[in-house]
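Presented below is the structure to which this report refers.
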Protein chains: 2
Amino acid sequence: MKKTILVFGMLILALLLLFQFSKYAIISGDLKVELIVAAIAIVFFFVGIYINKKSLSKTDTTVVNINEEKIKELDISNREYEVLQKIAEGLSNKEIAEQLFLSESTIKTHVSSLLVKLDAKRRTQAITKAKSFEIL
Amino acid sequence: MKKTILVFGMLILALLLLFQFSKYAIISGDLKVELIVAAIAIVFFFVGIYINKKSLSKTDTTVVNINEEKIKELDISNREYEVLQKIAEGLSNKEIAEQLFLSESTIKTHVSSLLVKLDAKRRTQAITKAKSFEIL
DNA sequence: TTTTAGCTCATACTAAAGTACCAAAGTTCT
DNA sequence: AGAACTTTGGTACTTTAGTATGAGCTAAAA
C-alpha cells in the first residue's frame, strides 16, 4: 500500500515536471514541438502498461473459484469431496484414511464412486477432470 | 493478425493527428499548453493499458510460466519431463508408453526417477509438488 | 413407519504402480 | 576413441489402487 502511494507520488511529480519542461521548451524554442509530444506520449504509454500490469497481478489469484454448482450436478457428496481434495494433495488411500479417522476400505469405496461420477479411470485423471470442472 | 495491423494503423494516425493539432493549437494560442500535454498524456496512458491488455490476453498462458530453471535444478531430463506432463494429464503408464512409442518398462523407469527427483512417494504427489515448483 | 440416501467397513480379487537391479544402445563432450 | 550421461528395455518382486459385492448404521424424507 505504501508502495502504491509512492509510485503515484512519483507519477504526479513526473507529470508536473513534464508540464514545466514542455512549457519552457516551447516558449524558448529549444526543442521541436513534435519531439516533446512524442516524448510525453511514449512516457505515458509505458506508464499505462506498468499500471495495468500492477493491477492485473493483484486480481490474478481471484480467478480460481470453486464451482459448487458443478459438484452438486455431478452428485458428489461431502465425504467424497473431502476425499477428492486429499487425493489432489497427493495422499495415498491409507494416508487419507488416517487423516479422516476412517478405514482404508471406506476410502476405497469413496474413491471408486468418485471415479464413476467424474468418469475417470484413475485418481490422477480424477484430479485433472476435477480441475477442468473448476471443482478443485 | 489483420486486426493488429488495423489497430496499429489507427494508433499511428491518431499520433499524427495529435501532432498536427498540438502544433496548430500552440501556435494559434487557442489552448493552454498544459491542457494539450495532459490530453496527450491521458490518451497514451489508456493506449498503453489497451495494448498491454491485448498482448496479455494472447500470451495469457505466460502468466503461469513454467519455471525452466527449477527443472534443471531438479536435474529432470527432457524425457522425464515429457512423462511428467503425461502423468499430470491423468494417463496410465501404459497409455503414456503408447503415446510416446515406448515400452511400459521405460515409462516405469522414468516415473521412478521422477519420484526420486521430486521427492514424492506417488505420482499424484509428484503432480502437486511439480505444480508447487511451477514446473507444470 | 417404511424408504431413501449417505457413510461406514469387510472380503476377495484384478490391475496398476512402483522398486531394485541390470544391461545395451545412442549422444555429447573431451 | 573413451567417458559420462540419457534413453531405452527387461525381469522379478512388493505395494497401492481399484472393482465387485454385501452389509450394518444413521438421519431425513415420504
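Residue numbering restarts at 1 for every chain, and letters A, B, ... go by the order of the sequence lines.
- Protein atom CG of B:Asp119 is 12 Å distant from nucleotide atom P of C:dT19, rounded to whole Å.
- Between A:Asp75 atom CG and C:dT4 atom P the separation is 16 Å, expressed in whole Å.
- Between the P atom of D:dA27 and the CG atom of A:Asn78 lies a distance of 16 Å, rounded to the nearest Å.
- A salt bridge links B:Arg79 to B:Glu82: one of the charged nitrogens lies within less than 4.0 Å of a carboxylate oxygen.
- Taking only side-chain nitrogens and oxygens, B:Arg79 comes nearer than 4.0 Å to OP1 or OP2 of D:dT8.
- With B:Gln125 contributing its side chain and B:Lys121 its backbone, the two residues share a donor-acceptor pair below 3.5 Å.
- As rounded to whole Å, 17 Å separates atom P of D:dC5 from atom NZ of B:Lys72.
- Near DNA chain D, meaning a heavy atom under 4.0 Å away, the residues from residues 97-117 of chain B are B:Leu102, B:Ser103, B:Ser105, B:Thr106, B:Thr109, B:His110.
- A salt bridge links B:Glu73 and B:Lys70; the closest N-O separation between the charged side-chain nitrogens and carboxylate oxygens is under 4.0 Å.
- If you measure from atom CG of B:Leu84 to atom P of D:dT7, you get 13 Å, rounded to the nearest angstrom.
- Distance CD (A:Gln125) to P (C:dA17): 11 Å, rounded to an integer number of Å.
- In this structure, A:Ser113 contributes its side chain and A:His110 its backbone to a donor-acceptor pair below 3.5 Å.
- Atom pair B:Ile76:CD1 and D:dT6:C1' shows a separation of 14 Å (rounding to whole Å applied).
- When rounded to the nearest whole Å, the span between CG of A:Leu91 and P of D:dG18 equals 13 Å.
- Checked for salt-bridge contact, A:Glu95 and B:Arg122 meet the test: a charged N lies under 4.0 Å from a carboxylate O.
- The side chain of B:Arg123 sits closest to C:dA17 out of D:dT16, C:dA17, D:dT6.
- Side chain of B:Glu80 to backbone of B:Ser77: a donor-acceptor contact under 3.5 angstrom is found.
- For A:Asn93 and D:dA17, the shortest distance from a side-chain N or O to OP1 or OP2 is below 4.0 Å.
- The closest side-chain heavy-atom distance from A:Tyr81 to A:Leu114 is not below 4.5 Å.
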